Amino acid sequence: MSITKDEASQALGEIETARGRVWQAKAYGATAPFLIIWGLVWMGADAANQFEPRWALAWPIGILVGTVASLVAGFNLPRAPARPGERGGSWRNFAVWMVVMAFIVSLFLVIPITSAREEHSIFGLVFGFIYVGMGLWIGWRLLALGVALAALTLIGFYWVDAWYSLYMGVVSGGALVLGGLWLRKL
Amino acid sequence: MGPDEIIHQSLRLRIMATLNATPKAERVEFPRLKALLKATDGNLGAHLTTLEGAGYVAIEKDFVDKKPRTRVSITAAGRRAFDAHVGYLRELIDGGEPQA
């Protein structure tokens with residue numbers, strides 16, 4: 001059996017592609033639990049806000065539950081996936097999300113938010129575009145999920161009136177849950 | 001060392017690359033492997049049988065909740081053979097004449 005240089009080069013390319021897909025599947029698998037957790041939090045908190053608007057604790061409780069669940073999920077994950085040749089860094093992943101939350105809180109301190117609707121929409125847009133950015137590195141499924149989340153948030157902001165909270169909970173929170181399940185399928 | 005004729009076939013090469021990229025001792029379920037490789041049941045099954053015959057992969061079949069489950073892992077011999085084959089390919093590209 002003899003192999004030409006071109007065939008060898010093609011074979012090495014196939015190996016790299018296969019490695020990349022394994023890395024992508026692991027990254028999707030590592031992301032999925034967090035999407036599902038926060039999608040469920042979103043659904044629960046916004047449904048509570050829709051039917052009991054004066055109950056202000058829905059989101060603080062949801063964030064607390066989501067944070068604890070995320071920490072538990074994070075500890076139970078296999079080691080954070082690293083691209084071939086790169087070092088993993090689970091604490092960096094956690095730190096990045098803390099930076100994002102700090103950014104959003106800082107945003108609210110600077111920009112006058114006049115309604116819960118605006119506040120919700122900013123969360124939906126920020127996270128939607130973060131997933132788009134992550135998708136550019138990890139894969140198109142995450143990118144598609146981010147685009148869907150941002151688009152659904154804008155649709156809700158402009159065209160859904162009385163049922164806005166429930167819409168955001170069911171549609172945007174549901175998109176995260178379904179997206180998480182979709183990522184796990186690879 | 002020459003090319004490994006068993007590994008060099010395209011799908012078998014990708015099977016070995018995929019299994020080699022998974023952590024040691026991790027077994028990959030058949031449907032997941034099929035999705036990762038975008039292969040069909042029959043094609044993947046046939047090539048896995050070839051690799052199993054060469055001792056490069058181990059195939060375990062059991063039942064979970066009364067449903068059959070097939071899991072595949074790379075063997076130590078498989079990792080050695082894969083590394084040797086990749087080494088051969090790199091040497092060929094780098095311009096050296098691989099030793100036969």
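Note that the structure is predicted; figures quoted are calculated from it, not measured. Numbered from 1 within each chain, the chains take letters A, B, ... in sequence-line order.
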Neighbourhood of chain A inside residues 38-52 of chain B, taking heavy atoms under 4.5 Å as contact: B:K38
Under 3.5 Å donor-acceptor pairs involving side-chain atoms of residues 156-184 of chain A, not counting sequence neighbours:
unit_1: A:Y164; atom_1: OH; unit_2: A:R117; atom_2: O; d: 3.3
unit_1: A:Y164; atom_1: OH; unit_2: A:S121; atom_2: OG; d: 2.6
unit_1: A:Y167; atom_1: OH; unit_2: A:L152; atom_2: O; d: 2.7

A:Q10 atom CD: more than 12 heavy-atom contacts under 6.0 Å: no
Linked, directly or transitively: A:V99 and A:I104 (ILVMFWY side chains, under 4.5 Å): no
Salt bridge (Lys or Arg N to Asp or Glu O under 4.0 Å) pairs, two or more places apart, involving residues 36-53 of chain A: A:E52-A:R54
For A:R21 against B:L36, the heavy-atom pair lying closest together: NE-O, 2.5 Å
B:L89 versus A:A11, closest heavy-atom pair with distance: CD1-CB, 3.7 Å
Hydrophobic cluster identity match, A:I155 and A:F123, side-chain contacts under 4.5 Å: yes
Selection from B:I15, B:T18, B:L37 maximising heavy-atom pairs under 4.5 Å formed with chain A: B:T18
May I have the list of side-chain donor-acceptor pairs in residues 27-38 of chain A shorter than 3.5 Å, sequence neighbours left out?
unit_1: A:Y28; atom_1: OH; unit_2: A:W140; atom_2: N; d: 3.4
unit_1: A:Y28; atom_1: OH; unit_2: A:R141; atom_2: N; d: 3.0
unit_1: A:T31; atom_1: OG1; unit_2: A:A27; atom_2: O; d: 2.7
unit_1: A:W38; atom_1: NE1; unit_2: A:S70; atom_2: OG; d: 2.9

Taking every non-hydrogen atom, the tightest pair across A:I3 and B:H85: CD1-CE1, 4.3 Å
Contacting region of A:T4 [heavy-atom separation from chain B under 4.5 Å]: backbone
B:L13 to A:E14 - nearest heavy-atom pair and separation: CD2-OE1, 3.9 Å
Within one Ile-Leu-Val-Met-Phe-Trp-Tyr cluster: A:V68 and A:I61, side-chain cutoff 4.5 Å: no
Proximal component of B:E26, with respect to chain A [non-hydrogen, under 4.5 Å]: side chain
Hydrophobic cluster identity match, A:F129 and A:L154, side-chain contacts under 4.5 Å: yes
Connected via hydrophobic side-chain network under 4.5 Å: A:F108 and A:M101: yes
Contact class of B:R32 relative to chain A, heavy atoms under 4.5 angstrom: side chain
